[in-house]
Amino acid sequence: MKMQQIKDIIVSNPDGREITIYGWVRTKRETKNLTFLQINDGSCFASIQLTFDAEKGIDAATAGELKKITTGASVKATGKLVPSPASGQAVEVETSSLTVLGEAPADTYPLQKKNHSFEFLREIAHLRARTNTFGAVARVRNQAAYAIHTFFQEHGFNFLNTPIITSSDTEGAGEMFQVTTLDLDKLAKEGKAPVDYSQDFFGKHASLTVSGQLEAETYATAVSRVYTFGPTFRAENSNTTRHLAEFWMVEPEAAFFDLNDNMDLAEEFLQFILKWVLEKCADDLQFFDSRIQNGLVDMLKTVAASDFVRLTYTEAITELEKNADVFEFKPYWGCDLQSEHEKYLTEKIYKCPVILTDYPKEIKAFYMKQNDDGKTVRAMDVLVPGLGEIIGGSEREENLEKLENRIRELGLNPDDYWWYLDLRRFGTVPHSGFGLGFERLILYITGMGNIRDVIPYPRTPKFAEF
Ligand code: 4AD
Ligand code: MG
């Protein structure tokens, strides 16, 4: 490709050669003889400066175009790339010609140069990527995705595409969005209840997937190591800064891995991503450090280089009980950990990521490997400061009888899981996996406070605009 982006131009040698710049105007500044435009194309955090010098002469066409320039206008400019005398930028463009590709009228363009609240920017999510913050989030998200694929490809994991429409509830939590082509209005008018799903498109009740795990297990027990990276859906009515109804999940699944291998994988994986983004998005992270969360870069560097703390759920409860008075929700053995508990462990006690294992079976999904104590399962959650759970996973129950019994115990029907149980009938092996919430990862890396601001178009209860 001949066309160069600003990210490459600003690090190239300012040797006076002629270049062409495309982008959107961030600011326009004028002195007596000089006009300066900051142009950003989103390829990197920095903008490039175009200078126009009246003393050296500006042609009539360009002078006319300059009059049209406002914040947000799109332009094409040509000129010479030269060293910049200004501080904070190595190069600038001595501009000889400018064309306005699209104007952005100052009285209607909503992104004028001032600080906008994230709440306001959510209402104009189609334009917010043109701001410093959301451009940086977009680039970090992209590099994190690249890191994820790179890590797994380098470790023998096969990228697997699991179905988005499914008839199985992996987590058994009943938080699924129904998929149907039945005319519900018509059925309601006809008073037809219960609904006959054999007449529906798939001939049965179908939903959007909450997780690709069960299908991933079928491939892990064939090609040994797989990972999914795709959209998942939860119809949970959680209006928090950490929950979305549609989010992206990364789910590795590996045959012959026990829980310790699984923990090692999760730790190495997270650290790989952090190092990658620290290297590839240094300017963006510096911005988040100075504007969103002080000390972010040092924190990420430390986490990338030090071991995570590992302890059992039971040990964690003992620790929490010692400080029971600080919690709104009193911790006790058997309780599902609340966000305040997770925060206390990671922020107050250990001050680093913590991997909790061996949770009570009652608060975990049916597929987790049962411990001999009859009470706990080989679950693991990775908790991080500021956020809580970022990864959830487990070693899987590979024993057919135990798995069938657990399914029955939970009031589920083993027949519905016939293909999943086949994996235990034929050549069963120990295997493990986990799910990383991609948006939780981006929250953690950027220090952003609300999960709605790290996905381009958030879907949450009562909100599906754009
Ligand atoms: O803990 P979860 O529910 O685990 C599973 O779905 C397993 N099937 C994963 C596996 O073992 N293959 O979800 C995994 C992660 C959570 O740790 C969290 O980071 C994220 O997915 N997550 C959400 N992220 C945003 N919004 C939501 N509503 C989320 N629910 C879970
Ligand atoms: Mg979980």
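Both ligands and their constituent atoms are indexed starting at 1 by order of listing.
With respect to Arg139, the salt bridge (Lys or Arg N to Asp or Glu O under 4.0 Å) criterion is satisfied by exactly one of Asp283, Asp284, Asp41: Asp284.
In this structure, the ring of Tyr457 has its center no less than 6.0 angstrom from the ring center of His126. Between Tyr367 and Tyr420, the gap from one ring centroid to the other reaches at least 6.0 Å. Separation of the Phe159 and Phe229 ring centroids does not fall under the 6.0 Å cut-off. In summary, the aromatic rings of Phe308 and Tyr350 are positioned with their centroids too far apart to meet the 6.0 Å limit. Between Tyr344 and Phe327, the ring center distance clears the sub-6.0 Å criterion. Checked against the 6.0 Å centroid criterion, the rings of Phe134 and Phe118 qualify as a close aromatic pair. Ring centers of Phe269 and Phe152: under 6.0 Å apart, within the cut-off.
Interface of Ile391 with ligand 1, defined as ligand atoms under 4.0 Å from a residue heavy atom, comprises 17 (O). Taking every non-hydrogen atom of Gly393 and a distance limit under 4.0 Å, the qualifying atoms of ligand 1 come out as 11 (O). Near Glu236, the atoms of ligand 1 lying under 4.0 angstrom from a non-hydrogen atom of the residue are 27 (C), 28 (N), 30 (N). Here is the list of ligand 1 atoms found below 4.0 Å of a heavy atom in Arg242: 25 (C), 26 (N).
Geometric assessment of Lys204 against the ring of Tyr197 yields a negative cation-pi assignment under the 6.0 Å and 45° thresholds.
Counting protein heavy atoms only, atom 15 (C) of ligand 1 is closest to Gly435 O, 3.5 Å. Nearest non-hydrogen protein atom to atom 5 (C) of ligand 1 is Glu171 OE2, 3.4 Å. Among all protein heavy atoms, the one lying closest to atom 11 (O) of ligand 1 is Arg396 NH2, 2.9 Å. Regarding atom 14 (C) of ligand 1, its nearest protein heavy-atom neighbour is Met249 SD, 3.4 Å. When hydrogens are left out, the protein atom nearest atom 20 (C) of ligand 1 is Gly437 CA, 3.5 Å; that is the closest non-hydrogen contact.
Considering both main-chain and side-chain atoms, Glu389 comes within under 3.5 Å of ligand 1 through a nitrogen or oxygen pair. Ligand 1 has no N or O atom lying under 3.5 Å from any N or O atom of Ser394, backbone or side chain. For ligand 1, one of its N or O atoms has an N or O atom of Leu244 under 3.5 Å away. For Val210, no nitrogen or oxygen atom sits less than 3.5 Å from a nitrogen or oxygen atom of ligand 1, counting backbone and side chain alike. For a threshold of 3.5 Å applied to N or O pairs, the pair formed by Ile390 and ligand 1 contains at least one separation below that value.
Between Leu337 and Tyr313, some side-chain heavy-atom pair lies under the 4.5 Å cut-off.
Donor-acceptor pairing under 3.5 Å is recorded for the side chains of Arg396 and Ser394. Between the side chains of Glu395 and His431, no donor-acceptor pair is found at a separation under 3.5 Å. With 3.5 Å as the limit, one finds no donor-acceptor pair spanning the side chains of Thr312 and Thr314.
Neither the backbone nor the side chain of Glu439 comes within 4.0 Å of ligand 1, counting heavy atoms alone. With a 4.0 Å cut-off on non-hydrogen atoms, Asp381 does not touch ligand 1 at all.
Proximity annotation for atom 12 (N) of ligand 1: of Arg440, Glu251, Met368, Glu251 comes nearest, heavy atoms only. Of the candidates Trp248, Phe247, Tyr367, it is Phe247 that places a heavy atom closest to atom 22 (N) of ligand 1. Closest to atom 6 (O) of ligand 1 by heavy atom, among Glu175, Glu217, Gln213, Arg234, is Arg234.
Residue side and main chain included, Asp381 places no N/O/S atom under 2.8 Å of the Mg ion (ligand 2).
Judged by the shortest distance from any of its heavy atoms, Met380 lies outside the 4.0 Å radius around the atoms of ligand 1.
Restricting Glu389 to its N/O/S atoms, the shortest distance to the Mg ion (ligand 2) is reached by OE2.
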